[in-house]
Amino acid sequence: MTPYEYKDPDVRRRRFRPIPVRMLVPNVITLLAICAGLTSIRLSIEGRMSLAVYAIVFAAALDGIDGRVARILKGQSKFGAELDSLADFVNFGVAPGLMLYFWQLHELGNAGWIAAMVFAISGGLRLARFNATMDDPNKPAFAANFFTGVPAPAGAITVLLPIYVAFLDLGRLPASVTAAYTLLIAFLMVSRLPVFSGKTKRMRVPPELVLPAFVAVIVFIALLIAYPWHVLSIGTVLYLLALPLGYKSYRDQARAMEAAGPSGGEVPSPPSAPTLANLSEPPHDDDRPGRLH
């Protein structure tokens, strides 16, 4: 930029134009989630594991609302999309892995550290694949209702099940079992298993059910506060048991589309991992903002 261009008031206005508050609010929520994830690591180092779990659950709750707040306020941005991916890796990849290591996996020495590290890396790979394939034009329309593999927030909540069980006074699982379970959840995160997303479903509540819905939400929050380990344990087990239902639903819809389409068509397979061709293509227009390169 030349000195003349720098003195041009139009150039200065374009460079330093004010940012609307609606663009900042979602990013502030995401930053709060990162703070919760980092705090959970500190709490686990200090041995305050119950508070560390609460911090992860709080981070997951914030992760569930920041994107919706951005859409409501029309505050989507490339910066926010990148920040959200970074927050997910820290909160739901690094933090749970370290929590399990400081809690029990350290008893296995290097093997425990490898299990924690594999989980964290799987979280990063899961997020990278999501970013690379979310605009894949080859996916059938119904595939938008499914994630490919267990999403990072759900993986973080489910991988902490051994801690929930210990706080229920049911005894600690052997460290080797905890490590095997950690690797299992890591595998589910990077697998091609179709998992219900629930994001594209437009849920409408009939007017006569609005008040009961409010009561149900309040009761759930009250139960989570009063009996956190029971609710988290039961919720985790039910979630894992429901995973085969997502695969079955995907296959049923794939077969239905094949039957309705032209004869000889191929059955769409579950969402696949990104290829070099996918990664080299520019992203297509979508409701979600593009990502920085």
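Heavy atoms only: backbone and side chains are in, while hydrogens, waters and symmetry mates are out.
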Nearest non-hydrogen partners of D63 and D66, listed with the distance: O-OD1, 2.7 Å
How would you list all residue pairs meeting salt bridge (Lys or Arg N to Asp or Glu O under 4.0 Å) that involve residues 231-244, not counting sequence neighbours? none
Cut-off 3.5 Å, no hydrogens considered: what does the side-chain donor-acceptor table look like for residues 152-166, sequence neighbours left out?
from	atom 1	to	atom 2	distance (Å)
T158	OG1	A154	O	2.9
T158	OG1	G155	O	3.1
Y164	OH	I157	O	2.8

Would the distance check show the side chain of N91 and the main-chain N or O of A87 forming a donor-acceptor pair, the cut-off being under 3.5 Å? yes
Indicate, with yes or no, if L238 and L184 share a hydrophobic cluster defined by side-chain heavy-atom contacts under 4.5 Å among Ile, Leu, Val, Met, Phe, Trp and Tyr. no
Correct closest heavy-atom pair for A55 and S40 would be CB-CB, 3.7 Å
Tell me, with the steps shown, if L98 and I45 meet side chain to side chain contact (heavy atoms under 4.5 Å, CB included). CA-CA 9 Å; L98 291 177; I45 294 174; over 6 Å; no
Applying salt bridge (Lys or Arg N to Asp or Glu O under 4.0 Å), which residue pairs with at least one partner in residues 111-125 are found, sequence neighbours left out? none
Between R126 (side chain) and V150 (backbone), is there a donor-acceptor pair under 3.5 Å? yes
In the structure I gave you, are the side-chain heavy atoms of L51 and T39 within less than 4.5 Å of one another anywhere? no
Could you tell me which residues satisfy side chain to side chain donor-acceptor pair (under 3.5 Å) with D88, sequence neighbours excluded, listed by chain and number? none
What distance do T30 atom OG1 and I65 atom CD1 have between them, rounded to the nearest 0.5 Å? 9.5 Å
What is the distance from atom CD1 of I225 to atom OH of Y54, rounded to the nearest 0.5 Å? 9.5 Å
Quick test of your reading: applying ring pair (Phe, Tyr, Trp, His ring centres under 6.0 Å), list the pairs with at least one residue in residues 81-106, sequence neighbours left out, ordered by first then second residue. Y101-W113
Would you indicate whether the side-chain heavy atoms of F196 and S249 approach each other to under 4.5 Å? yes
Under the side chain to side chain contact (heavy atoms under 4.5 Å, CB included) test, which residues partner L168, sequence neighbours left out? L170, W229, H230, S233
Answer yes or no: is there a side-chain heavy-atom contact under 4.5 Å between N27 and D84? no
The complete set of ring pair (Phe, Tyr, Trp, His ring centres under 6.0 Å) pairs with one or both residues in residues 29-52, sequence neighbours excluded, reads none
What one should report as the nearest heavy-atom pair of S44 and M49 is CB-CE, 3.8 Å
With hydrophobic residues grouped by side-chain heavy-atom distances under 4.5 Å, do Y227 and V219 end up in a single group? yes
Once salt bridge (Lys or Arg N to Asp or Glu O under 4.0 Å) is applied, what residue pairs with a partner in residues 151-167 remain, sequence neighbours excluded? none
Residue pairs passing the ring pair (Phe, Tyr, Trp, His ring centres under 6.0 Å) test where at least one lies in residues 31-53, sequence neighbours excluded: none
Assigning hydrophobic clusters by single linkage (Ile, Leu, Val, Met, Phe, Trp, Tyr; side-chain heavy-atom cutoff under 4.5 Å), is I121 placed with Y181? yes
Given the rule in the side chain to side chain contact (heavy atoms under 4.5 Å, CB included) test, do V53 and M99 qualify, once you have shown the distances and angles that lead to the verdict? CA-CA 9 Å; V53 173; M99 288 171 59; 4.0 Å; yes
Could you tell me if the side chain of I185 sits less than 4.5 Å from the side chain of L240, heavy atoms only? yes
What residue pairs, at least two apart or across chains, pass salt bridge (Lys or Arg N to Asp or Glu O under 4.0 Å) with a residue in residues 152-175? E107-R172
Apply the side-chain contact (heavy atoms from CB on, under 4.5 Å) test between L193 and each candidate in Y247, F187, F147; give the one that qualifies. Y247
Residues two or more places apart in sequence or in another chain: which of them pass side chain to side chain donor-acceptor pair (under 3.5 Å) with E46? R42, R48
Got a donor-acceptor contact below 3.5 angstrom from the R129 side chain to the V190 backbone? yes
Here the pair of heavy atoms bringing Q104 nearest to P174 is NE2-C, 3.9 Å
Let's go through E82 and K78 carefully: what are the C-alpha distance in whole Å and the side-chain angles of both, what is the deciding distance for side chain to side chain contact (heavy atoms under 4.5 Å, CB included) to 0.1 Å, and is it a yes or a no? CA-CA 6 Å; E82 292 297 328; K78 293 181 179 180; 5.7 Å; no
Which atom pair, heavy atoms only, marks the closest approach of A59 to A36? CB-CB, 4.0 Å
Point-to-point distance, once rounded to the nearest 0.5 Å, from CG of L100 to CG of L105: 5.5 Å
Under the side chain to side chain contact (heavy atoms under 4.5 Å, CB included) test, residues paired with A186 that sit two or more places apart: V118, F119, S122
Let me check something: do L223 and F220 share a hydrophobic cluster, defined by ILVMFWY side-chain heavy atoms less than 4.5 Å apart, either directly or through other members? yes
Under 4.5 Å between side-chain heavy atoms, counting indirect links through other Ile/Leu/Val/Met/Phe/Trp/Tyr residues: same cluster for L173 and F167 or not? no
Minimum-distance pair of heavy atoms, taken over all atoms of A95 and I56: CB-CD1, 3.8 Å
